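Since this is a predicted model, take the numbers as computed values, not measurements.
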Amino acid sequence: MSQPLIDLQHISKSFDGELILDDLNLSIRENSFVTLLGPSGCGKTTTLRILGGFTSPDTGRVLFDGQDITKLPPNKRQLNTVFQKYALFPHMSIADNIAFGLKIKNKPKSYIDDKIRYALKLVNLSGYEKRDVTSLSGGQQQRIAIARALAMKPELLLFDEPTSALDPELEVEVLNIIRRLVDEKQTIVIITHKMSFAREVADKVVFFDEGKILKEGTYTELEQSNIPRITQFLNMLN
């Protein structure tokens with residue numbers, strides 16, 4: 001069995017006096033695909049942001065491969081986050097977008113060029129290095145955002161609703177890329193309402209409700225749990 005890569009221990013977080021996460025504990029193993037599910041405001045996005053280093057917990061610890069990374073900024077963590085809004089730089093070429101983080105780390109040009117080619121091949125956009133970001137479709141821009149994350153060789157990839165702004169055809173493009181990463185044993189945590197991912201791809205589905213984990217397990221285990229909140233949510237999305 002693979003070893004735990006991430007441990008969230010007794011994580012609590014409040015915003016403006018409202019408790020968002022309440023003594024949360026969650027373990028994520030290497031080479032696993034974990035889907036976070038739950039209604040809006042349940043705490044799943046805050047959990048993802050704490051994992052990525054964009055939000056600090058009020059209490060608790062984030063352990064990465066046994067090391068406490070709770071206070072480490074995002075650029076010091078061995079993980080990358082792919083956001084809904086792509087966060088690409090429109091004034092830069094695709095190659096420069098992908099190279100941005102590598103240049104900050106002072107990687108040599110030959111190394112950067114190799115990683116650009118590698119990342120573009122993974123997302124089926126080889127030869128796009130010199131293209132402008134603004135010339136791409138929404139699905140292609142999301143794939144470039146994934147390529148930029150992959151170029152950093154993260155041990156963990158975080159996805160926050162990566163297809164929410166895409167039409168169905170482009171959505172399929174992005175979901176197929178993520179399926180490919182799963183096949184290659186990339187450790188992934190994703191927030192998505194695509195039930196096919198939870199049913200067919202996820203090793204573990206974590207259901208959040210009111211700042212707590214109500215249930216975690218396979219999709220089938222959640223489906224058969226007979227917990228009214230979970231049943232209602234799954235029926236709404238299916």
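Here the shortest heavy-atom pairing between Ile177 and Val123 reads CD1-CA, 3.5 Å. In terms of heavy-atom proximity, Ala198 sits nearest to Thr35 at CA-OG1, 4.3 Å. Nearest heavy atom pair, residue Ala149 against residue Leu157, reads CB-CD2, 3.5 Å. Residues Phe64 and Ile6 come closest through the heavy atom pair CD1-CD1, 3.3 Å. Of all heavy-atom pairs between Pro39 and Phe233, the closest is N-CE1, 3.6 Å. The two atoms that bring Leu51 and Leu158 nearest to each other are CB-CD1, 3.9 Å, heavy atoms only.
Rounded to the nearest 0.5 Å, atoms OG1 (Thr218) and CG (Asp203) are 10.5 Å apart. Distance CD/Glu223 to CD1/Ile230: 11.0 Å, rounded to 0.5 Å. A distance of 6.0 Å separates CZ of Arg77 from CG of Leu72, quoted to the nearest 0.5 Å.
Evaluation of the side chain to side chain contact (heavy atoms under 4.5 Å, CB included) rule for Lys105 yields Lys107, Met152 as partners, not counting sequence neighbours.
By the rule that hydrophobic residues join a cluster once side-chain heavy atoms approach within less than 4.5 Å of another member, Leu21 and Ile69 end up as members of one cluster.
Inter-residue side-chain proximity for Ile11 and Thr59 is flagged as unmet; no heavy-atom pair is nearer than 4.5 Å. Using a 4.5 Å cut-off on side-chain heavy atoms (C-beta onward), Leu26 and Glu216 make contact. Contact of the His10 side chain with the Arg61 side chain is not registered, since no non-hydrogen atoms from C-beta on lie closer than 4.5 Å. Inter-residue side-chain proximity for Leu37 and Lys44 is flagged as unmet; no heavy-atom pair is nearer than 4.5 Å. Residues Leu8 and Asn25 fail the side-chain proximity criterion, which asks for heavy atoms closer than 4.5 Å. With contacts defined as side-chain heavy-atom distances shorter than 4.5 Å, the pair Lys115/Lys153 qualifies. Between Phe207 and Val205 the shortest side-chain heavy-atom distance does not fall below 4.5 Å. Annotation: side chain of Ile190 is not in contact with side chain of Leu36 (no heavy-atom distance under 4.5 Å).
Using a distance-only test at 3.5 Å, with no hydrogens or angles considered, no donor-acceptor pair links the side chain of Ser135 to the main chain of Arg131. A donor-acceptor pair is defined here as one N or O able to donate and one able to accept, closer than 3.5 Å; such a pair exists between the side chain of Ser225 and the backbone of Leu222. Without hydrogens or angle criteria, Ser137 side chain to Gln140 main chain gives a donor-acceptor distance under 3.5 Å. Proximity of a side-chain donor or acceptor of Thr47 to a complementary backbone N or O of Gly43 within less than 3.5 Å is detected. Judged purely by atom type and a 3.5 angstrom limit, Arg143 uses its side chain to pair as donor or acceptor with the backbone of Asn124.
A donor and an acceptor atom, one from each side chain of Asn80 and Arg148, are nowhere located under 3.5 Å apart. A side-chain donor from one of Ser27 and Asp7 sits under 3.5 Å from a side-chain acceptor of the other. No side-chain donor-acceptor contact under 3.5 Å links Asp132 and Thr134.
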When you look at Arg179 and Glu200, which way does the salt bridge (Lys or Arg N to Asp or Glu O under 4.0 Å) test go after all the steps? CA-CA 10 Å; Arg179 287 180 189 274; Glu200 302 164 17; 3.8 Å; yes

For the pair Phe159 and Val189, evaluate side-chain contact (heavy atoms from CB on, under 4.5 Å) and give the outcome as yes or no after the intermediate values. CA-CA 6 Å; Phe159 288 91; Val189 178; over 6 Å; no

Determine whether Asp113 and Arg117 satisfy the following criterion, salt bridge (Lys or Arg N to Asp or Glu O under 4.0 Å), listing intermediate values before the conclusion. CA-CA 6 Å; Asp113 290 343; Arg117 287 191 293 269; 5.2 Å; no

Let me see the working for Gln142 and Glu173 under side-chain contact (heavy atoms from CB on, under 4.5 Å), right down to the final yes or no. CA-CA 10 Å; Gln142 186 62 287; Glu173 290 181 6; over 6 Å; no

Salt bridge (Lys or Arg N to Asp or Glu O under 4.0 Å) between Asp23 and Lys212: does it pass, once the steps are laid out? CA-CA 7 Å; Asp23 195 33; Lys212 294 178 178 288; over 6 Å; no

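Just one of Asn97, Val133, Ile94, Ile146 meets the side-chain contact (heavy atoms from CB on, under 4.5 Å) condition when paired with Gln141; it is Val133.
Below 30°, between 30° and 60°, or above 60°: for Phe83 and Phe54 the angle between ring planes is above 60°, a perpendicular geometry.
In this structure, Glu18 places its CD atom where only 12 or fewer heavy-atom neighbours from other residues, nucleotides or ligands lie under 6.0 Å away. Other residues, nucleotides and ligands contribute over 12 non-hydrogen atoms within 6.0 Å of the CD atom of Glu184.
A cation-pi arrangement, defined by a distance under 6.0 Å to the six-membered ring centre and an angle within 45 degrees of its axis, is absent between Lys130 and Tyr128. Geometrically, Lys13 engages Phe15 in a cation-pi contact, judged by NZ or CZ lying under 6.0 Å from the ring centre and within 45° of the ring axis.
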